[in-house]
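Computed from a predicted structure; not experimentally measured.
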Amino acid sequence: MSTRHQHTTSQDTAVDGQHGRLFVRTWSPEVPSHLAPIVLLHDSLGSVELWRGFPAALCKATGRQVVAYDRLGFGKSDAHPGTLALDFIAREAEGDFAAVLRQLGIARFIVFGHSVGGGMAVNCAAHHGAACVALITESAQAFVEDRTVEGLEDARELFKDPGQVDRLKRYHGDKARWVLDAWIESWLAPAFASWSLRSVLPQVACPTLVIHGIDDEYGSSAHPRLIAELGGGTARLALMPDTRHVPHREREAEVIAMVRAFVSTLP
């Protein structure tokens, strides 16, 4: 299926992941480009559809293909066969992310991750160093902070309301409860408390853009500062005032302008 939207064309495909089929959508500019595509990694409750109009706008602004996929267990991808392993953030890089690159024939890429997708993006940039042109993190957690735990505990209370779970079902269908549990129970697991990106960040050699809202309810500015400081490549730190956890939705035009400027000189 393909559709036209603001001078971009979108194409839906299926990719064989390690443990099931993955739903992938690619937005292409009207004028074909040989520039490295931008691959999006969604947050803990996210999906391709929940990126909404952002990928098409990003494609139009940068002139690059934009690729997004539903991780296994999310959106239109197959159900996950079990519970998430506690190293799920690192595993994505060499598992399904690699499968998407391989089956779509992507030799070079820019990786853009939101929230937990940002942590995955860091691992992707480190693991696929030769192919990764640049890394963009947005609202990424770099370790488990008190604010992160408090935000998750608040979310757990919120989702005791069946209506909130029903909202998730619009995007994840009967996988909604698994999606919710995978988020909250993974991050609040005692064995996960020591998780951080500190050991992998120095392995990132590419240019990095680190975007974070000052009022992010899931992480203070300590997270983006750590990503910028420990990364092995050059880094631009963008702290956005009056912005919470989803800058690309709250201030879409500003985020797109930052990304466009950042990638404008990249191959």
Side-chain angles (χ1 to χ4, degrees), residues 5-8 10 25 27 29 35 37-69 75 110-122 125 133-142 145 147-148 150-152 154-155 158 164 167-168 170-171 183 197 207-229 231 234-266:
H5 177 73
Q6 296 183 342
H7 308 293
T8 68
S10 66
R25 180 169 293 162
W27 292 260
L35 297 170
I38 301 172
V39 183
L40 302 178
L41 294 172
H42 64 72
D43 65 304
S44 292
L45 299 183
S47 68
V48 169
E49 296 293 348
L50 277 166
W51 285 109
R52 298 181 177 150
F54 179 71
L58 190 61
C59 174
K60 182 182 178 184
T62 63
R64 296 172 185 265
Q65 277 195 330
V66 176
V67 178
Y69 69 98
I110 295 168
V111 62
F112 179 126
H114 172 234
S115 191
V116 73
M120 292 175 178
V122 168
V133 172
L135 163 67
I136 303 168
T137 67
E138 180 195 28
S139 310
Q141 298 89 13
E145 185 184 37
R147 186 191 293 197
T148 314
E150 290 164 6
L152 284 156
D154 289 344
L158 174 68
Q164 296 295 328
R167 287 179 60 195
L168 281 184
R170 297 177 198 171
Y171 302 98
W183 175 40
L197 293 174
T208 301
L209 172 62
V210 187
I211 302 169
H212 203 89
I214 292 294
D215 301 319
D216 190 322
E217 59 270 40
Y218 295 106
S220 71
S221 61
H223 296 270
R225 293 185 192 281
L226 188 72
I227 293 170
E229 289 167 8
T234 59
R236 299 185 192 180
L237 179 60
L239 297 177
M240 302 183 71
D242 302 316
T243 308
R244 288 168 63 85
H245 191 58
V246 194
H248 71 265
R249 190 174 304 157
E250 299 166 51
R251 297 177 178 270
E252 181 181 285
E254 292 176 47
V255 170
I256 286 175
M258 278 192 286
V259 174
R260 179 176 57 197
F262 174 65
V263 305
S264 62
T265 60
L266 299 175

Exercise for review: Assess whether side-chain contact (heavy atoms from CB on, under 4.5 Å) is satisfied between Val116 and Trp183, documenting all intermediate values.
Suggested key: CA-CA 9 Å; Val116 73; Trp183 175 40; over 6 Å; no
Check your understanding: Can you check whether His114 reaches Val246 side chain to side chain, under 4.5 Å on heavy atoms?
Key -> yes
**Study point:** Nearest-0.5 Å distance that lies between atom OG in Ser47 and atom CZ in Arg52
**Key:** 9.0 Å
Review point. Do Val259 and Leu58 have side chains that get closer than 4.5 Å, going by heavy atoms?
Key: yes
Review point. For Pro29 and Gly63, which heavy atoms make the closest approach, and how far apart are they?
Key: CG-O, 3.5 Å
Check your understanding: Step by step, would you call Leu135 with Leu209 a side-chain contact (heavy atoms from CB on, under 4.5 Å)?
Key -> CA-CA 6 Å; Leu135 163 67; Leu209 172 62; over 6 Å; no
Review point. Once you round to the nearest 0.5 Å, how far does CD1 of Ile211 lie from CG of Leu239?
Key: 10.5 Å
Practice item. Answer with yes or no whether the side chains of His248 and Glu138 bring together a donor and an acceptor at under 3.5 Å. Key: yes
Point to revise | Val66, Val48, Thr8 screened by side-chain contact (heavy atoms from CB on, under 4.5 Å) with Pro55, the one that passes | key: Val66
Practice item. Provide the closest heavy-atom pair for Ala228 versus Ala235 in the form atom of the first, atom of the second, distance. Key: O-CB, 3.7 Å
**Study point:** Closest non-hydrogen atom pair, Ala121 against Gly113
**Key:** CB-N, 3.9 Å
Practice item. Evaluate the criterion side-chain hydrogen bond (donor to acceptor under 3.5 Å, both in side chains) for residue pair His245 and Ser115; output intermediate values, then yes/no. Key: CA-CA 8 Å; His245 191 58; Ser115 191; 2.9 Å; yes
Exercise for review: Sorted by first residue and then second, give each salt bridge (Lys or Arg N to Asp or Glu O under 4.0 Å) pair with at least one member in residues 210-225; sequence neighbours left out.
Suggested key: Glu217-Arg244
**Study point:** Closest non-hydrogen atom pair, Leu266 against Leu35
**Key:** O-CD2, 3.9 Å
Check your understanding: Does some side-chain heavy atom of Trp27 sit less than 4.5 Å from a side-chain heavy atom of Gln65?
Key -> no
Review point. Taking atom OG1 of Thr137 and atom CD1 of Ile227, what is their separation to the nearest 0.5 Å?
Key: 4.0 Å
Review point. Rounded to the nearest 0.5 Å, what separation is found between the CG atom of Leu158 and the CG atom of Leu152?
Key: 12.0 Å
Check your understanding: Can you check whether Met240 reaches Val255 side chain to side chain, under 4.5 Å on heavy atoms?
Key -> yes
Exercise for review: Please answer whether the main-chain N or O of His212 pairs with a side-chain N or O of Ser139 as donor and acceptor at a distance below 3.5 Å.
Suggested key: no
Check your understanding: Which pair of non-hydrogen atoms, one from Pro247 and one from Gly213, has the smallest distance, and what is that distance?
Key -> CG-N, 4.3 Å
**Study point:** Heavy-atom side-chain contact between Ile110 and Arg64 under 4.5 Å
**Key:** yes
Check your understanding: Nearest 0.5 Å, what's the CG-CG distance between Leu237 and Leu226?
Key -> 11.0 Å
Point to revise | Side chain to side chain, Tyr171 and Leu45, heavy atoms closer than 4.5 Å | key: no
Exercise for review: Hey, can you tell me if Phe112 and Trp51 have their rings parallel, tilted or perpendicular (30° and 60° cut-offs)?
Suggested key: perpendicular
Review point. Looking just at side-chain N and O atoms, do Arg251 and Thr243 make a donor-acceptor pair shorter than 3.5 Å?
Key: yes
Review point. Salt bridge or not for Arg25 and Glu49, using N-O below 4.0 Å?
Key: yes
Check your understanding: Under 4.5 Å between any side-chain heavy atoms of Val210 and Thr208, yes or no?
Key -> yes
Review point. Does some side-chain heavy atom of Tyr218 sit less than 4.5 Å from a side-chain heavy atom of Arg147?
Key: no
Study note, to complete from the structure: Note: Ser220 and Glu145 closest approach over all heavy atoms is OG-OE2, 2.5 Å
Review point. Would a distance-only check, ignoring hydrogens and angles, find a side-chain to backbone donor-acceptor pair under 3.5 Å from His223 to Ala142?
Key: yes
